[in-house]
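Worksheet: one structure, shown below.
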Amino acid sequence: MAEDEDDDGPLPDLPNVEDYDEVRMRCAPNPNGPWHLGSARMPAVIGTYKQMYDGWMLVRFDDTDPETKRPDLSAYDEIIEAVEYLGFEPDEVLKASDRVETYYEHARDLIDAGGAYTCSCSGEDFSELKNDGEPCPHRDKDVETTREEFAAMVDGEYSAGEMTLRVKTDIDHKNPALRDWVAFRMVDTPHPREEASEYRCWPMLDFQSGVDDHLTGVTHIVRGIDLQDSAKRQRFLYDYFDWEYPEVVHWGHVQIDAYDVKMSTSTIKELVDQGELDGWDDPRAPTVASVRRRGIRGEALVDAMLELGMSTSDVDLAMSSVYAKNREYVDEDATRRFLVRDPVEVPIDGEGPASAHPPLHPDFEDRGDRDIPVGDALVLEPGDVPDAGDRVWLKGLGCVEAVDGGDALAFTDDDLSVVTDGDVDVVHWAPADGPTVRMRTMDGDEHGVAEPGLVDHAVDDVVQFERVGYARIDDLDFDGDADVQTYFAHP
RNA sequence: GCUCCGUUGGUGUAGUCCGGCCAAUCAUUUCGGCCUUUCGAGCCGAUGACCUGGGUUCAAAUCCCAGACGGAGCACCA
């Protein structure tokens, strides 16, 4: 890879990079729950830009709403873990709820600059005036009164809804979304973090994030189109403070196919609470934790996210694209194993080998062979059981024919040519007394019997169940309804 | 209603700023073939797209106008 030049990297260039000594970016999640897959796009892109430009990345928890987007105390760590799983390391981690005093200080400065006023209008009243381009009666309040009332807000002397601090922008700006927006409001519910539980006066995102971006020297902001107007609102703030606004790039929303569950933190949380999902890492949940548990590499997710590019239109991420990327990472290390789902037990008689020795990995013969005993009965998947008189080739073992009206199998003396000629299908199989397996998939749990060697793996190994697909070994000491629990990744 | 933004094959993307080299790139998907005692990988091949209508021009995916469709914001959410 070329080191410099615009030799196309994995992402389009950020604007005006040459104007800055260092590209500094932030990933600003709301810790109101663990991450869904869409959230992974932010660290994937920002982390990649960090690598492209040898830049700096901050993870800043924008946890300034203790009520409607109430932080989940365990989500802070889970989000950092998710970032690391994706392969990135934040240079710094901040929590907005630790920085409330800083926001207050800037609010006071803004008030002194004549840039804000306390307002006791109800939401509806203000909205009505605003939509007509009319100032509210509080707009011309003198600075001293605003100072006092803001101090009272900070002291918690108002209840929710009674008082706000508004930034004075342009009350008849042609875009109604930009007119005199709220910078601080009262929240009665204490913040779940002990350290922040006394605050009642909380900044809104546009204020908090605007101040923090400047204070942390952020040069490039990457965010969703839902925050398109944010930059425009914050520019008023930056003008009052005489700050330079960072470069901004917006992208569209991501949808992910293949899931029945809506990709929204609140929806997933609800399903988990109701027990519809077995936690955030349920394979049916469109979450980072879920694909991780399935053995999908963070890098694969990142690669697929990067292919979505940076367009502002909404995009659909095909999980097949994630799977394609993941195969490239895991195939080489994925030991081949047999797993027979919905096993049908069939006795096997006649003369034949006592065991089979297919390779652990066909591309790496030097890794050795498996040892699969045959016994007097084996299991096949229902669709693989031959009808009476038909033959199948038991992979690694040999050709068998259905005898006794289809109730048993007997070895034939056919050689491999029957397979290469296309007359006989090759199927996977397992001894009937092999370890039982529960395999969790996006479409529900499957049960099966595997070859004995499966228990020799370690947790977290990704294996390839031949003719089934890749799966991660999850629990070798499973106390549920099987000996081993696995999570299916993808074909 | 007001204000932004977007629209290239099934999916995503390149190209659009500075019109011609674009009968449109790459990836994925799907389907064939080769190889293979699975699946995958690998190799070969196929299907498949410039939202619509006008205009400018020798020439438009690219510029202009209009429209359609889609998304976002107009919160004391982030």
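Here the structure is a predicted model, which means the values were calculated and not measured. Each chain gets a letter, A, B and so on, in the order its sequence line appears, and its residues count up from 1.
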N/O contacts under 3.5 Å, protein versus nucleotides 41-46 of chain B?
none

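- In terms of the side-chain hydrogen bond (donor to acceptor under 3.5 Å, both in side chains) criterion, H191(A) has no residue partners (sequence neighbours excluded).
- Proximity of residues 153-161 of chain A to RNA chain B (heavy atom under 4.0 angstrom from any strand atom) is restricted to G161(A).
- Within the structure, every pair that satisfies the ring-ring contact (aromatic ring centres under 6.0 Å, His included) test and touches residues 305-325 of chain A, not counting sequence neighbours, is listed here: Y323(A)-H490(A).
- For rC5(B), its base never sits under 3.5 Å from the side chain of Q228(A) at any donor and acceptor pair.
- For the side-chain contact (heavy atoms from CB on, under 4.5 Å) with F465(A), the lone residue among R341(A), H428(A), M439(A) that qualifies is M439(A).
- For residues 161-170 of chain A, every residue pair satisfying the side-chain hydrogen bond (donor to acceptor under 3.5 Å, both in side chains) rule, not counting sequence neighbours, is listed here: T169(A)-D180(A).
- Near RNA chain B, meaning a heavy atom under 4.0 Å away, the residues from residues 180-191 of chain A are V182(A), R185(A).
- For Y76(A), the ring-ring contact (aromatic ring centres under 6.0 Å, His included) test picks out F61(A), with sequence neighbours left out.
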Applying the Watson-Crick and G-U criteria (both distances under 3.5 angstrom) with [ ] for crossing and | for other-strand pairs, one obtains for RNA chain B (((((((..(((.......[.....))).(((((.......)))))....(((((..]....))))))))))))....

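- Closest to the side chain of K174(A), out of rC4(B), rU11(B), rA78(B), is rC4(B).
- Contacts classified as salt bridge (Lys or Arg N to Asp or Glu O under 4.0 Å) and involving residues 119-135 of chain A (residues at least two apart or in different chains) are not found.
- For E299(A), the side-chain contact (heavy atoms from CB on, under 4.5 Å) partners two or more places apart in sequence, or in a different chain, are R297(A), Y329(A).
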List the atom pairs, donor and acceptor, that lie under 3.5 Å between side-chain atoms in residues 393-401 of chain A and the rest of the protein, sequence neighbours left out.
residue: K395(A); atom: NZ; partner: E466(A); partner atom: OE1; Å: 2.7

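- R336(A) pairs by the side-chain hydrogen bond (donor to acceptor under 3.5 Å, both in side chains) definition with D331(A), H361(A), Q464(A), not counting sequence neighbours.
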